[in-house]
Amino acid sequence: MSINATLFVQAIVFLILVWFTMKFVWPPIAKALDERAQKIADGLAAADRAKSELTAANQRVEKELSQARNETASRLADADRRAQAIVEEAKARATEEGNKIVAAARAEAEQQTVQARESLREQVAALAVKGAEQILRKEVNAGVHADLLNRLKTEL
């Protein structure tokens with residue numbers, strides 16, 4: 001066989017091989033490559049969506065945390081205000097109770113002073129009567145001189 005015939009037969013076999021490859025082998029390979037490219041594109045899109053969802057979720061979490069912090073600070077401020085009000089109320093009650101105790105003690109002291117004065121007056125009146133009796137050396141009738149003794153008691 002001559003080299004030209006071999007070259008011609010090899011060219012025909014090559015063309016048949018190219019046609020066979022283009023008809024039966026290339027489409028499944030191209031389809032597999034397209035499917036793989038589509039899966040990669042879908043994965044990248046899903047990753048982008050997940051990233052944006054994560055960013056949105058982080059923003060929501062930060063917003064909720066901020067609200068929780070504000071609410072906690074507000075509740076703490078309310079608790080402080082209530083505690084101050086309770087303390088002030090307790091101070092007011094204690095002051096009022098102290099004033100009542102002082103007033104009662106003053107009233108009792110005044111009453112005891114009045115009683116002591118009355119007792120002292122009675123004792124002075126009795127001493128005055130005894131003294132007058134001893135000076136006059138005669139018996140004094142208490143019924144007759146009761147008015148005189150009461151005046152004396154009042155003057156003392």
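Values reported hereafter were calculated over all heavy atoms of this structure, with side chains retained and with hydrogens, waters and symmetry mates removed.
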message: Taking the basic N atoms (NZ, or NE/NH1/NH2) and the acidic carboxylate oxygens, is any pair closer than 4.0 Å for Glu110 and Arg106?
response: no
message: Just verifying a value: how many Å separate Leu65 CG and Asn70 CG, rounded to the nearest 0.5 Å?
response: 11.0 Å
task: Following the transitive rule for hydrophobic clusters with a side-chain heavy-atom cut-off under 4.5 Å over Ile, Leu, Val, Met, Phe, Trp and Tyr, establish whether Phe8 and Ile16 coincide in one cluster.
output: yes
- prompt: Between Ser66 and Glu62, is there a donor-acceptor pair closer than 3.5 Å when you use the side chain of the first and the backbone of the second?
  reply: no
Side chain to side chain donor-acceptor pair (under 3.5 Å) evaluation trace for Asp80 with Gln84: CA-CA 6 Å; Asp80 285 341; Gln84 289 296 330; over 6 Å; no
field: Inter-residue atom distance Thr95.OG1 - Asn99.CG, 0.5 Å rounding
entry: 6.5 Å
field: Ile12 CD1 to Leu7 CG distance, which is reported to the nearest 0.5 Å
entry: 10.5 Å
query: Sub-3.5 Å donor-acceptor pair from the side chain of Thr72 to the main-chain atoms of Ala68, do we have one?
result: yes
- prompt: How about Lys91 and Glu88: do any of their side-chain heavy atoms sit closer than 4.5 Å?
  reply: yes
- prompt: How far does CZ of Arg93 sit from CD1 of Ile86, to the nearest 0.5 angstrom?
  reply: 9.0 Å
- prompt: Under the ring-ring contact (aromatic ring centres under 6.0 Å, His included) rule, what pairs show up with a residue in residues 22-73, not counting sequence neighbours?
  reply: Phe20-Phe24
query: So does Asp78 pair up with Arg81, basic N to acidic O under 4.0 Å?
result: yes
- prompt: In terms of side-chain geometry, is the basic nitrogen of Glu71 or Arg75 positioned less than 4.0 Å from the acidic oxygen of its partner?
  reply: yes
